[in-house]
Trainee: 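One structure, as structure tokens, below. Some questions next.
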Amino acid sequence: MTKTKLLLLGTGTPNACPENSGPASAIIVNDQAYLIDFGPGVVRQASKAYFKGIDALRPDRLNIAFCTHLHTDHTVGLADLIFTPWVLEREKPLQLYGPQGLKDMAKDITHAYVKDLDMRLRGDEPANPTGYKTEVHELDAGTKDYGIIYKDNNVQVNAFTVNHGRLQSLAYKFITEDKTIVVSGDTCPVEIMKEKARDADILLHECEYTKGLETRSEQWQIYHRNVHTLSVDLAKLAIVAKPKLLVTYHRIYHMNVFDRSFDLKQEMEIRKQAILEEIKDAGYNGKVINGEDLDIFE
Ligand SMILES: [Zn+2]
Ligand SMILES: [Zn+2]
């Protein structure tokens, strides 16, 4: 048995930051990867991880993914995930789990590529007839806790509902032989997270820079408080849940990331440090790390 790993493929947000690929994570157990979300760049990031020595992330081996919600930043890599591994000779259909609407999204994306599909399946390029297919398992809206929605010899996956505004949004808890890992997706602070992340080995949770939000207009502040989690509130949640390791991702800094008049990397670094301080100042003294693209936790 190999140790379960959490690998962050992309830790970004809708902002096209050069340093952060779109939201996507992978849990790797016994040489099989289970993806959570497929933001922009997902397959290229998997390829980078493969070249770092993670065999399970070789692009043609990506065949199962769990979607937290249908926002573009978490899903625009779906076309990539459906087609790139297939063109690289994946034969297995892609298994997808997620909210209602995912089935239509997969179907419509597949339809959008009908000309390419036709050429590959019926033209001169030999391609297998199965690897571009998707098998989508939708979770009905309105259920608080779905229980175990997926199970194999490596992992049991529990999906539960979080609160990210009107869009159906899910978080996932992965239980393996040696680890429990909870991935928040996008959400404001929710009670169920405290219960699900209790004593987890890793809680990967979205996070907003609290001080940064104060610079925004009142309307934006209300919106962000309703659909995302401020660092100070993440601290309160973690104080109760007591994960062995808290990892932040999908960090919202509230800054203009396309202002070239300052050093973006340096400015982000300052805000990252500030987020960690906000979490500590709010009373959380457990282990907390800002996750970065291609970080591995095991
Ligand atoms: Zn997002
Ligand atoms: Zn979102």
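Each ligand, and each atom within it, is numbered from 1 in the order the structure gives. Position 1 is the first residue of the sequence; numbering continues from there.
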Trainee: Could you please compute the angle at the Zn ion (ligand 2) from NE2 of His164 to NE2 of His69, rounded to 10°?
Mentor: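 The angle at the Zn ion (ligand 2) comes to 100°, rounded to the nearest 10°.
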Trainee: Which is the closest N/O/S atom of His250 when seen from the Zn ion (ligand 1)?
Mentor: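 The nearest such atom is NE2.
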Trainee: Under 6.0 Å between ring centres: does that hold for Tyr97 and Phe66?
Mentor: yes
Trainee: Report the angle formed at the Zn ion (ligand 1) by atom OD2 of Asp73 and atom NE2 of His74, rounding to the nearest 10°.
Mentor: 90°
Trainee: Test of geometry: compute the angle OD2(Asp186)-the Zn ion (ligand 2)-ND1(His71) and round it to 10°.
Mentor: 170°
Trainee: Salt bridge check, Lys244 against Asp201: does any charged N sit closer than 4.0 Å to a carboxylate O?
Mentor: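 Between Lys244 and Asp201 there is a salt bridge, with a charged N closer than 4.0 Å to a carboxylate O.
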Trainee: Is it true that Arg61 and Asp55 make a salt bridge, defined as a side-chain N closer than 4.0 Å to a carboxylate O?
Mentor: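 No, this pair does not count.
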Trainee: In this structure, are over 12 heavy atoms from other groups packed under 6.0 Å from Lys272 atom NZ?
Mentor: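 Counting other residues, nucleotides and ligands, NZ of Lys272 exceeds 12 neighbours.
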